[in-house]
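Written out below as structure tokens is the structure these notes cover.
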2 protein chains.
Amino acid sequence: MTSIAAASARGRRAARTSGDDRESAILATAERLLAQRSFADISIDDLARGAGISRPTFYFYFPGKDAVLLTLLDRVIEEANAAAGDVLDRLAGDPRARWRELIDRFHQTFGAHRAVVLACAQVRGTNAEVRRLWAAVMEHWVRAIEGAVEAERRRGAAPDGLPARDLAIALNSMNERVWYATFAGDGPAVAEPDVVDVLLDVWLAAIYKEGPPVNASGSGRAPS
Amino acid sequence: MTSIAAASARGRRAARTSGDDRESAILATAERLLAQRSFADISIDDLARGAGISRPTFYFYFPGKDAVLLTLLDRVIEEANAAAGDVLDRLAGDPRARWRELIDRFHQTFGAHRAVVLACAQVRGTNAEVRRLWAAVMEHWVRAIEGAVEAERRRGAAPDGLPARDLAIALNSMNERVWYATFAGDGPAVAEPDVVDVLLDVWLAAIYKEGPPVNASGSGRAPS
DNA sequence: ACGGGAGTCAACACCCTGTCGAGAAGAATC
DNA sequence: GATTCTTCTCGACAGGGTGTTGACTCCCGT
């Protein structure tokens, strides 16, 4: 769990009065609008009016447009981490199934909040805060995968090869970009129903080189 | 060759007088400034003043800031396609070496113009034109890889598996994102000297599952 | 010597951001 | 009930970026 995303004072208030509703209203408006237009096309005025307040009042709740997105991103990340759970600690049982579970859960979470994820990916280029947060989260996931790969190698299930960290970076990067294309729908993209299996296939090939070992009742080819 | 990037009328002029210099000056200024600040932090006024003209005059040469970047991107894409050449047609000789050559050449080209590539990646989120152009280029490369994978399968060098197109999308996506991280330097990234070999390793694993066959006098590791 | 196109820019209208200071609304204290 | 303090609200402003207009210059061909 231990969410990296410090879901703390992204807003500005410290009170407990009825202003909480306003903050939620802004957040809700943002997510609603994000489903329609791109983040860049949403002005602070849109957010404010959508929440029933004036533009200056908006600044009372958030320091800027980006902070709203950051708060939304915090939630998604927390949800993703919760969904991932401890799958990586249970790899030994049935690696293929566990890796698939991991990828699938991320897919579910991101898919459920695609508007937010897409907006963040687009803003990452221009906003340092989003860039920092995303970098921290990626680092967290990369380390988790790195550790899992090393564990698989240690128990003899996966062969040695690339530094585990580099491998983890490459695979995580692939997932990010492939999901982006699938959700955004621009450019060549894997069809949504197939994307988990496509990613899984590359992960297994890269980690195990010749299909995961058949520990339990798996159907992978046995290593030579 | 047949550059997808229609390097045609991205500018506005149709003349052949001394105005050509101005157009070049704008482009040069853009690439120079891009090496310093982010694209979003460069105003049209910066571009204009850098080229020794006033802001309205800028509009005589380009319809907007984005068109400048688009023109720059055209060049890089053309260069990348030229660098790639016909490597994919010569895979059979020494697959590992050829794949590495392909990836390395893209790496060289993008690395030489990282400022432009980075800026495009950041703007792709907000600018439809850049998005379209990049999507078209990706489609081109995906199809090339797809064809190469199918050829390798046909000659028995690579096993069947994922639809070649999905595999090509995943691998191309990985490269794009990994290069971005490496060049941008934010978030977890593969060190620049290693990035080609890391990518290559995943490509070979995903395409051949157990290392490419050693046809000629290649120096690739023999498959187990 | 002159008509016309290429090239140039001051000035304008517009939109968005962020801030300031004057207030309204309500709870706590006298 | 009046007073004070804090929370909350917004009209109005300043600043900076974009894109357009209309007039003006310069040069070239006739």
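Letters go in sequence order (proteins before strands), and every chain restarts at 1.
Following rounding to the nearest Å, B/Phe58 (CZ) and C/dA10 (C1') show an atom-to-atom distance of 19 Å. If you take CG of A/Asp66 and P of C/dC16, they are 16 Å apart, rounded to a whole angstrom. Summarising the geometry, the separation between CD on A/Glu23 and P on D/dC8 is reported as 10 Å, rounded to the nearest angstrom. Protein atom CD1 of A/Ile42 is 16 Å distant from nucleotide atom C1' of C/dC15, rounded to whole Å. Separating the CZ atom of B/Phe62 from the P atom of D/dT20 is a distance of 16 Å, rounded to the nearest angstrom. Rounded to an integer number of Å, the gap from A/Tyr59 OH to D/dG11 P is 15 Å. With rounding to whole Å, B/Asp41 atom CG is found 16 Å from C/dT17 atom P. Between the CD1 atom of A/Ile44 and the C1' atom of D/dC10 there is a distance of 15 Å, rounded to whole Å.
In the set C/dC9, C/dG7, D/dG17, C/dC9 carries the atom at the smallest distance from any side-chain atom of B/Ile53. Listed nucleotides D/dA12, C/dA10, D/dG19 differ in distance to B/Pro56; the shortest reach to its side chain belongs to C/dA10. Taking only side-chain atoms of A/Lys65, from C-beta outward, the nucleotide of D/dT20, C/dT17, D/dA12 with the closest atom is C/dT17. Distances from the side chain of A/Tyr61 to the nucleotides C/dA10, D/dT18, D/dC8 place D/dC8 closest. The side chain of B/Arg55 has D/dG19 as its nearest neighbour among D/dC13, D/dC10, D/dG19. Comparing D/dT18, D/dT21, D/dC10 by their nearest atom to the side chain of B/Ser43 picks out D/dT18. With distances taken from any side-chain atom of A/Phe60 to the nucleotides D/dA12, C/dG18, D/dC8, the minimum falls on D/dC8.
Under the 30°/60° scheme for interplanar angles, the aromatic rings of B/Phe110 and B/Trp134 are found to be tilted. Using the six-membered ring where Trp is involved, B/Phe183 and B/His107 have ring planes that are parallel, under 30° apart on the 30 and 60° scheme.
A side-chain donor from one of A/Asp46 and A/Ser43 sits under 3.5 Å from a side-chain acceptor of the other.
Heavy atoms of B/Thr57 sit under 4.0 angstrom from at least one base atom.
Checked by atom type and distance alone, the side chain of A/Asn127 pairs as donor or acceptor with a backbone atom of A/Val130 at under 3.5 Å.
The pair B/Arg105-B/Glu101 counts as a salt bridge, with a side-chain nitrogen and a carboxylate oxygen less than 4.0 angstrom apart.
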